[in-house]
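By convention in this document, chain letters (A, B, ...) are assigned in the order of the sequence lines, proteins followed by strands, and residues within each chain are numbered from 1.
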Amino acid sequence: MLEITYLRSHADDVKARLAKKNFAELNLVDEILAADEKRRHIQKQLDDNLAQQNLMAKEIGDLFKQGKKEEAEQKKSKTAALKEESKQLDQQLAQVEEEQKHLLVRLPNLPHSSVPAGKSAEDNEVVKQHGEIPQLHNGAKPHWEIAEQYGLFDLELGVKITGAGFPVYKGKGARLQRALVSFFLDKAIEAGYTEIIPPHLVNEHSAFGTGQLPDKEGQMYHVTADGFYLIPTAEVPVTNIVRDEILEEKKLPIKFAAYSPCFRREAGSYGKDVRGLNRVHQFEKVEIVQIAHPDKSYEVLEEMVKHVEGLLQLLELPYRILRLCGGDMSFGSALTYDFEVYSTAQKRWLEVSSVSNFETFQSNRMKTRFKDENKKTRLVHTLNGSALALPRIVAGLLENHQTESGVQIPTALRPYTGFDTIS
RNA sequence: GGUGAGAUGGGUGAGUGGCCGAAACCAACAGUUUGCUAAACUGUCGUACCUCAAAAGGGUACCGAGGGUUCGAAUCCCUCUCUCACCGCCA
């Protein structure tokens, strides 16, 4: 959610930057400003009214104390009209406030100046590419065939138990999952993150705080009996740790890392795009979150990018980093780097991580602030990224490290798996 | 699921209709003292919105949330939520 104070003084800048994000409803900005003006006008009237009422109440009290009962009664009779007026103003205020907020939450975050212009994934900027794409033997297979050959996961079984998109991992496939989670968490802890095990269901306040509600309601599983949502990412519960908090400046940045399963309803997409582990409803992920000082958040973003790169290098996977263009960025992000691993057998890039700076977009919703050196209360910046999401990493490992005699586990991961090859 | 108690500022906790945005203590911050540390002392010390060019100043609201009674509510009434304790059930 954009800050209304910024909007008031920089309306043209806001419009220009929203346009870069291919946001069509620029008239919303003017509607918001109109509502804001109306709101302030009503608030002023109401405040003045209430001030007058307070004054009168005080005078009546004094008169009673002095024993001037008649005067007091006389004055009392004059308060009714004022009260009625205040009541109506109060209702108007509540209405216009709601209207304003309703409009405001529909505005996406403003893109950072370095975000390339563009409409779709085609226009994303490749910032870096690293690692050799391996030359595979003739019988090289996509990961779902490898998984079947070695009994690593079973999608049919998941259909029986739950439905499509809920894989059942087995044997070395399951152990590989557990190994990757431990490996990623240990690396995060080495990098100074505090490990968190969050709830896997959140209430609607939390879902609103990070921006999943009200727009993306359909992407989450909703437990209607209790009003909870299954988390689509640990970002939601973990970032909400600091909701409604005023933090100490010297405690920034706050670094959290969390493993959680992630649940996504994911409507759309067909065919080979969703084969195997390319796209599933439940998957495992280690997420890193930082709550940063607004002046330092882009340094923090770079640090997080480096961290994710380090993981991919240790896993010996060919990857590239994209800076997402305005049209492909998420609603709440100011700058996003996507990490893609090359799927050698599928001959395409798979997104394995997305690292974003949300600036004040989430903190404004969550009311997460800190006191700066001048004792001014300011909103923090929030950042998060996958480090990393498992299913496509598993796909990448299986496909890129396959040999005719089996799949080689990267050296760094072997202490965690307890085996060197899958065969 | 049953019964009981409770929800006040960063923390503890006082406050049963006007003198309460709220005592006191602790913590925090600034300063005085001091060779240094500690102690002691003094001061500051909630948030949001409105007003103001800005600061100062002023106004309004907020004592879990929402309604109500009243000229006036932290205080009285209603509804809801949550927390704690004990019992039952369960991992």
Side-chain angles (χ1 to χ4, degrees), chain A residues 1-11 32-105 197 199-209 223-229 237 240-252 254 291 360 362-380:
Chain A
M1 189 163 75
L2 298 183
E3 294 164 71
I4 185 66
T5 46
Y6 185 82
L7 210 68
R8 278 209 285 259
S9 48
H10 300 84
I32 291 165
L33 289 174
D36 183 52
E37 196 157 329
K38 193 171 159 196
R39 187 194 105 243
R40 283 148 68 200
H41 179 70
I42 295 171
Q43 170 124 42
K44 176 83 181 118
Q45 277 185 295
L46 177 61
D47 284 356
D48 289 348
N49 257 22
L50 290 174
Q52 206 178 332
Q53 278 170 239
N54 286 341
L55 192 69
M56 285 174 89
K58 202 162 184 117
E59 286 170 358
I60 291 167
D62 289 343
L63 288 173
F64 271 121
K65 256 178 244 164
Q66 292 163 27
K68 300 180 180 165
K69 223 178 153 193
E70 273 177 38
E71 266 183 73
E73 291 295 340
Q74 206 180 1
K75 215 164 190 122
K76 257 165 86 167
S77 63
K78 290 183 186 163
T79 59
L82 204 55
K83 265 178 80 172
E84 179 56 31
E85 201 186 343
S86 296
K87 198 172 176 177
Q88 285 183 11
L89 284 168
D90 194 47
Q91 281 169 5
Q92 286 174 35
L93 184 65
Q95 201 185 335
V96 72
E97 271 176 349
E98 198 184 327
E99 185 186 321
Q100 186 182 341
K101 186 169 182 188
H102 181 73
L103 294 170
L104 203 51
V105 296
I197 300 181
H200 298 161
L201 285 88
V202 293
N203 60 31
E204 56 182 81
H205 288 114
S206 296
F208 176 82
V223 182
T224 49
D226 299 287
F228 297 149
Y229 294 88
N240 273 280
I241 288 173
V242 295
R243 189 176 77 227
D244 290 320
E245 298 284 344
I246 298 179
L247 306 162
E248 286 179 57
E249 184 174 20
K250 63 185 177 200
K251 295 224 173 117
L252 301 176
I254 295 170
I291 312 300
T360 60
Q362 294 180 327
S363 62
N364 191 32
R365 290 169 161 241
M366 294 193 300
K367 307 245 178 306
T368 304
R369 295 148 294 170
F370 73 102
K371 290 255 194 226
D372 71 8
E373 67 267 33
N374 302 317
K375 300 201 169 166
K376 253 193 89 174
T377 309
R378 295 170 63 188
L379 293 167
V380 298

Take atom [atom1] in [N] and the same atom in [M], then report the distance between them in whole Å.
| N | M | atom1 | answer |
| --- | --- | --- | --- |
| G10(B) | A28(B) | C1' | 8 Å |
| G46(B) | A24(B) | P | 14 Å |
| C63(B) | A56(B) | C1' | 29 Å |
| C76(B) | A14(B) | P | 15 Å |
| C25(B) | G15(B) | C1' | 15 Å |
| A91(B) | A74(B) | C1' | 42 Å |
| U8(B) | C49(B) | C1' | 22 Å |
| A30(B) | C45(B) | C1' | 10 Å |

Counting only heavy atoms from other residues, nucleotides and ligands, does the tally under 6.0 Å from [atom1] of [X] exceed 12?
| X | atom1 | result |
| --- | --- | --- |
| E73(A) | CD | yes |
| L82(A) | CG | yes |
| E245(A) | CD | yes |

Regarding S77(A), tell me which of base, sugar-phosphate or nothing describes its non-hydrogen contacts under 4.0 Å with the strands shown.
nothing

For atom [atom1] of [X] and atom [atom2] of [N], their distance in whole Å:
| X | N | atom1 | atom2 | value |
| --- | --- | --- | --- | --- |
| H41(A) | U51(B) | NE2 | P | 11 Å |
| E248(A) | G46(B) | CD | P | 15 Å |
| I42(A) | C49(B) | CD1 | P | 17 Å |
| N203(A) | C82(B) | CG | P | 10 Å |
| D226(A) | C82(B) | CG | P | 10 Å |
| E249(A) | C29(B) | CD | P | 13 Å |
| L63(A) | G18(B) | CG | P | 17 Å |
| K376(A) | G46(B) | NZ | P | 17 Å |

Worksheet entry | Pairing of K58(A) and D62(A) as salt bridge, 4.0 angstrom limit | no

Does R39(A) pair with D36(A) as a salt bridge, N-O distance under 4.0 Å? yes

Verify side chain to side chain contact (heavy atoms under 4.5 Å, CB included) between I32(A) and L2(A), making sure each step is shown before the conclusion. CA-CA 11 Å; I32(A) 291 165; L2(A) 298 183; over 6 Å; no

Rounded to the nearest 0.5 Å, the OG1 atom of T377(A) sits from the CG atom of D372(A) at a distance of 8.0 Å

Here the gap from H41(A) atom NE2 to L89(A) atom CG, rounded to the nearest 0.5 Å, amounts to 8.5 Å

Q43(A) versus L93(A): any side-chain heavy-atom pair under 4.5 Å? yes

RNA chain B nearest-nucleotide lookup for I246(A) and K250(A): closer to the 5′ end is K250(A)

Going 5' to 3' through nucleotides 56-74 of chain B and flagging B where a protein heavy-atom sits under 4.0 Å of the base, S where only the sugar-phosphate is that close, and - otherwise, we get ---BSS---------BS--

Read 5' to 3' with Watson-Crick or G-U pairs under 3.5 Å, [ ] for crossing pairs and | for partners on another strand, RNA chain B gives ((((((((.[[[..)..(.....]]].(((((.......))))).((((((.....)))))).[[[[[..)....]]]]])))))))....

side-chain contact (heavy atoms from CB on, under 4.5 Å) test vs R365(A) passes for just one of L379(A), V105(A), T360(A), namely V105(A)

